[in-house]
There are 2 protein chains.
Amino acid sequence: MAARPGAHVCGIDAAMTVIGGKWKVLILWALHDGTRRFGELRRLVPGVTEKVLASHLRELENDGIVRREVHDEVPPRVEYSLTPAGVALNTALAPLSAWGRDHAMTAPAGRRIHGVTLIPRPPGRLVVVSG
Amino acid sequence: MAARPGAHVCGIDAAMTVIGGKWKVLILWALHDGTRRFGELRRLVPGVTEKVLASHLRELENDGIVRREVHDEVPPRVEYSLTPAGVALNTALAPLSAWGRDHAMTAPAGRRIHGVTLIPRPPGRLVVVSG
DNA sequence: GTGCGCACGCACCTCGAAGTGCGTACTTGA
DNA sequence: TCAAGTACGCACTTCGAGGTGCGTGCGCAC
């Protein structure tokens, strides 16, 4: 249906392109408190496969959300962190998170999209509870 | 992968459940300035099929986002409007929209998710530009 | 009387995102 | 010596959201 790249003017359209992936927001939340390695992200986002995690990280990198630093060492080490745009995106997601938290209590919510649930803690840690 | 309904504690998870559909945000934007009929929504969201529009509206109704009023007339008339929760959701989407608008200019944005683009205007009207 | 519009429901199909499995070249630990 | 970890890439498969097509019952315009 008319695939026309880069044609979104409405901001939500662009934002949904970025966070539309199944695990994108979980990756963003896992990165919001600093630098993470690939293996750490894999453990922080339980259920995601390595292929999908790698491809999502590439997409986020192309979108300018995460920064990817490759250290040329003998055990290969790659570090991921949020760019300023990524930090801003996380900030922009905060009211949505607040709405969901307020609304999830009152709504029946018979459906779900992820199957995993993550609980952010104020000091900066992230607790992930697999479904 | 452990489908456990109603298990999301993180708000973004719940919010993504609600706005995760392909046309959900477009429907929300189309409804943000008042009551709309089914046929109006179909015209305001070009590209959506009737079946998908109907099912998405049902899901939004079940999530308490839109109110559905059926008038028992001979030409069947159904009117849709946002509930207070829907208005709050739209408000919560505003910073995300602002982020996307700011960021879409700087990023290459080679991909896209919808294929249609909508431009909200301040007075309350909505202009939709099909891709 | 023929077709159109209304607001959907049902059955089938498509297609792309996500999942699975295997491979890399190298080091470290048991 | 062998397994495990590191950070992926490639080819294949699955699966469900979304698309297509057809049907409803009624009124109205032509």
Side-chain angles (χ1 to χ4, degrees), chain A residues 1-3 5 16-27 30-31 35-62 66-81 111-116 130-131, chain B residues 1-3 5 16-27 30 35-62 66-81 110-116 130-131:
Chain A
M1 190 175 307
M16 289 301 286
T17 306
V18 173
I19 63 173
K22 185 175 177 180
W23 308 94
K24 294 283 185 69
V25 288
L26 304 190
I27 295 171
L31 281 174
T35 299
R36 296 288 183 191
R37 299 182 55 182
F38 186 86
E40 286 181 288
L41 289 174
R42 184 158 42 104
R43 282 185 289 270
L44 282 171
V45 186
V48 68
T49 61
E50 299 184 350
K51 172 224 164 184
V52 172
L53 179 58
S55 67
H56 278 193
L57 283 169
R58 288 303 173 105
E59 292 179 12
L60 290 172
E61 185 195 0
N62 287 336
V66 303
R67 181 176 13 247
R68 181 183 136 94
E69 295 175 68
V70 184
H71 300 261
D72 197 10
E73 300 172 0
V74 263
R77 188 157 64 95
V78 183
E79 288 185 337
Y80 295 93
S81 56
R111 293 171 296 111
R112 107 271 66 132
I113 198 169
H114 280 157
V116 288
S130 88
Chain B
M1 194 176 302
M16 289 300 287
T17 306
V18 173
I19 63 172
K22 186 174 177 180
W23 309 94
K24 295 283 184 69
V25 288
L26 304 189
I27 296 171
T35 299
R36 296 288 182 190
R37 298 182 55 182
F38 187 86
E40 286 182 287
L41 289 174
R42 184 158 43 103
R43 281 184 290 270
L44 282 172
V45 186
V48 68
T49 60
E50 299 184 349
K51 171 225 166 185
V52 172
L53 179 58
S55 67
H56 278 192
L57 283 169
R58 288 304 174 104
E59 292 179 12
L60 290 172
E61 185 194 3
N62 288 335
V66 303
R67 180 175 16 246
R68 182 181 133 98
E69 296 174 67
V70 183
H71 301 260
D72 199 11
E73 301 173 0
V74 265
R77 188 158 62 97
V78 184
E79 288 184 336
Y80 296 93
S81 56
R111 293 170 297 109
R112 105 276 65 127
I113 198 170
H114 280 154
V116 288
S130 87

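To find a chain, count down the sequence lines: A is the first, B the second, and so on, and within it residues start at 1.
- As rounded to whole Å, 17 Å separates atom P of dG27(D) from atom CZ of Arg77(B).
- Between Val66(A) and Leu57(A), the closest heavy-atom pair is CG2-O, 3.8 Å.
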Report task. Walk me through it: do Leu31(A) and Leu41(A) pass the test side-chain contact (heavy atoms from CB on, under 4.5 Å)? Result -> CA-CA 8 Å; Leu31(A) 281 174; Leu41(A) 289 174; 4.0 Å; yes
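- Between Glu79(A) and Val52(B), it is Glu79(A) whose nearest contact on DNA chain D lies nearer the 5' terminus.
- Donor-acceptor pairing under 3.5 Å, judged by distance alone, is present between the side chain of Lys51(B) and the base of dG19(D).
- Regarding contacts with the backbone of dA7(D), a side-chain N or O of Arg37(A) is found under 4.0 angstrom from either OP1 or OP2.
- The 5' end of DNA chain C is approached more closely, in terms of each residue's nearest nucleotide, by Arg58(B) than by the other of Arg58(B) and Pro76(A).
- Along DNA chain C, the nucleotide nearest to Pro75(A) and the one nearest to Glu50(B) differ in position, and the one closer to the 5' end is contacted by Glu50(B).
- The main-chain N or O of His56(B) is never found under 3.5 Å from a side-chain atom of Lys24(B) such that the two would form a donor-acceptor pair.
- The minimum heavy-atom distance between Thr35(A) and Glu79(A), with the atom names listed, is CG2-CB, 3.6 Å.
- Leu53(B) places its CG atom 14 Å from the P atom of dT20(D), with the value rounded to the nearest Å.
- Backbone-only engagement by His56(A) is indicated by non-hydrogen atom pairs under 4.0 Å involving sugar-phosphate atoms exclusively.
- Between Arg42(A) and the phosphate of dA7(D), there is no side-chain N or O to OP1/OP2 separation shorter than 4.0 Å.
- At dA7(D), none of the side-chain N or O atoms of Arg36(A) fall inside 4.0 Å of OP1 or OP2 (strictly under the cut-off).
- The side chain of Arg43(B) lies closest to dC6(C), out of dT6(D), dC6(C), dC8(D).
- Listed nucleotides dT20(C), dA18(C), dG18(D) differ in distance to Lys22(B); the shortest reach to its side chain belongs to dG18(D).
- A straight line from CD of Glu73(A) to C1' of dT6(D) spans 11 Å, rounded to a whole angstrom.
- With distances taken from any side-chain atom of Trp23(A) to the nucleotides dC8(D), dA18(C), dT6(D), the minimum falls on dA18(C).
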